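Reading through the structure tokens given below for one structure.
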Amino acid sequence: MRRRRFSFKRFLALIIIICAGVYAFVNFPATQKKVLYPFPYRAEIEKFSRNYHVDKFLAVSVMKVESNFNENAYSGSGAVGLMQLMPETAGWIAYCLNEEPPSIDEIHEYERNIKYGIWYLAELNEEFFGNEILTLAAYNAGRGNVQHWIKENGWSENFSDVDAIPYDETRNYVKRVLQCREKYSELYGSSLNYKLIQLGELRFASLKFLY
């Protein structure tokens with residue numbers, strides 16, 4: 001009986017050690033960068049983020065949440081590529097940039113998709129007073145819906161209550177992108193200034209980056 005009790009204690013101790021080791025491994029920054037928060041297409045993201053004055057960590061977080069870095073991603077609603085652009089939105093963006101309307105295959109091209117997606121983030125950010133929560137909500141649910149919510153609920157340019165977003169999908173999308181952005185800035189950031197904003201019971205970092 002004593003022998004069994006001793007073996008069980010050893011087994012339990014081994015399990016605890018293994019779990020602690022896995023936890024430490026997963027939370028090691030190098031592991032997180034490689035496995036949980038990779039930064040593919042970094043050159044293109046940084047290039048277009050500089051060109052259009054968008055936070056590069058916000059851009060990569062949108063890409064991660066939208067497609068998990070799958071160039072061939074195609075949603076049930078028809079959104080295409082890394083940044084999950086609707087074909088009509090991509091056509092409008094091309095028009096604004098004085099480019100020819102792209103085909104579906106051209107929208108899938110990673111560089112064009114990143115360029116258009118980041119340009120669109122910049123456009124929405126300007127439309128919604130530089131408010132990243134409203135910008136992300138518009139990227140997910142459409143600018144028309146967000147304009148309607150602003151008018152209907154009297155939201156100001158300082159809106160910060162993510163939980164007030166009516167659509168469950170959009171509310172969760174905004175939270176996921178902001179959480180990813182916080183992690184990317186922690187793992188890859190260097191020169192940055194933090195301005196913490198309260199979002200219900202969560203706190204996220206609204207970041208201004210120096211280029």
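In this text, all values refer to a predicted model and were calculated from it rather than measured experimentally. In this chain, residues are counted from 1 in sequence order.
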Taking a hydrophobic cluster as the set of Ile, Leu, Val, Met, Phe, Trp and Tyr residues connected by side-chain heavy atoms closer than 4.5 Å, whether directly or through intermediates, do Y110 and M86 fall within one such cluster?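 Per the 4.5 Å side-chain linkage, Y110 and M86 are not co-clustered.
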
State which residues pass ring-ring contact (aromatic ring centres under 6.0 Å, His included) with [X]; sequence neighbours excluded, sorted by chain then number.
{"X": "F69", "answer": "none"}
{"X": "Y167", "answer": "W149"}
{"X": "F128", "answer": "none"}
{"X": "F159", "answer": "W155"}

Keeping [X] on the side-chain end and [Y] on the backbone end, is there a donor-acceptor pair under 3.5 Å?
{"X": "Y116", "Y": "E111", "answer": "no"}
{"X": "R112", "Y": "E106", "answer": "yes"}
{"X": "T89", "Y": "L85", "answer": "no"}

Tell me the ring-ring contact (aromatic ring centres under 6.0 Å, His included) pairs involving residues 76-95, sequence neighbours left out? W92-W119

Test side-chain hydrogen bond (donor to acceptor under 3.5 Å, both in side chains) applied to [X] - qualifying residues, sequence neighbours left out:
{"X": "T170", "answer": "N140"}
{"X": "N68", "answer": "none"}
{"X": "Y139", "answer": "none"}
{"X": "R176", "answer": "none"}

Quick one: [atom1] on [X] to [atom2] on [Y], what's the gap to the nearest 0.5 Å?
{"X": "R171", "Y": "I133", "atom1": "CZ", "atom2": "CD1", "value": "13.0 Å"}
{"X": "R50", "Y": "I118", "atom1": "CZ", "atom2": "CD1", "value": "10.5 Å"}
{"X": "N145", "Y": "I165", "atom1": "CG", "atom2": "CD1", "value": "11.5 Å"}

Which atoms form the tightest heavy-atom contact between [X] and [Y], and what is the distance?
{"X": "D163", "Y": "K175", "value": "OD1-NZ, 2.6 Å"}
{"X": "A94", "Y": "P102", "value": "CB-CD, 3.7 Å"}
{"X": "E66", "Y": "L82", "value": "CB-O, 3.9 Å"}
{"X": "V146", "Y": "A137", "value": "CG2-C, 3.7 Å"}
{"X": "Y184", "Y": "S61", "value": "CD1-OG, 3.6 Å"}
{"X": "N113", "Y": "G81", "value": "ND2-CA, 3.5 Å"}

Pairwise salt bridge (Lys or Arg N to Asp or Glu O under 4.0 Å) hits with a residue in residues 73-93, at least two apart: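 Residue pairs with at least one partner in residues 73-93: there are none.
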
Residues K115 and E109 bridged, charged N to O under 4.0 Å: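 No salt bridge links K115 with E109.
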
Which pairs would a plain distance check flag for residues 120-127, meaning a side-chain donor or acceptor within less than 3.5 Å of a matching protein atom at least two apart in sequence or in another chain?
residue, atom, partner, partner atom, Å
N125, OD1, T135, OG1, 3.3
E127, OE1, R143, NE, 2.8
E127, OE1, R143, NH2, 2.3
E127, OE2, Q147, NE2, 2.9

Any side-chain heavy-atom pair from K64 and K183 closer than 4.5 angstrom?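 Heavy-atom side-chain distance check fails, nothing below 4.5 Å.
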
Sort and list the pairs that fulfil side chain to side chain donor-acceptor pair (under 3.5 Å) and have at least one residue in residues 74-84, not counting sequence neighbours. S75-S77

From the options L136, V60, L178, V177, select the one residue that forms a side-chain contact (heavy atoms from CB on, under 4.5 Å) with V65. V177

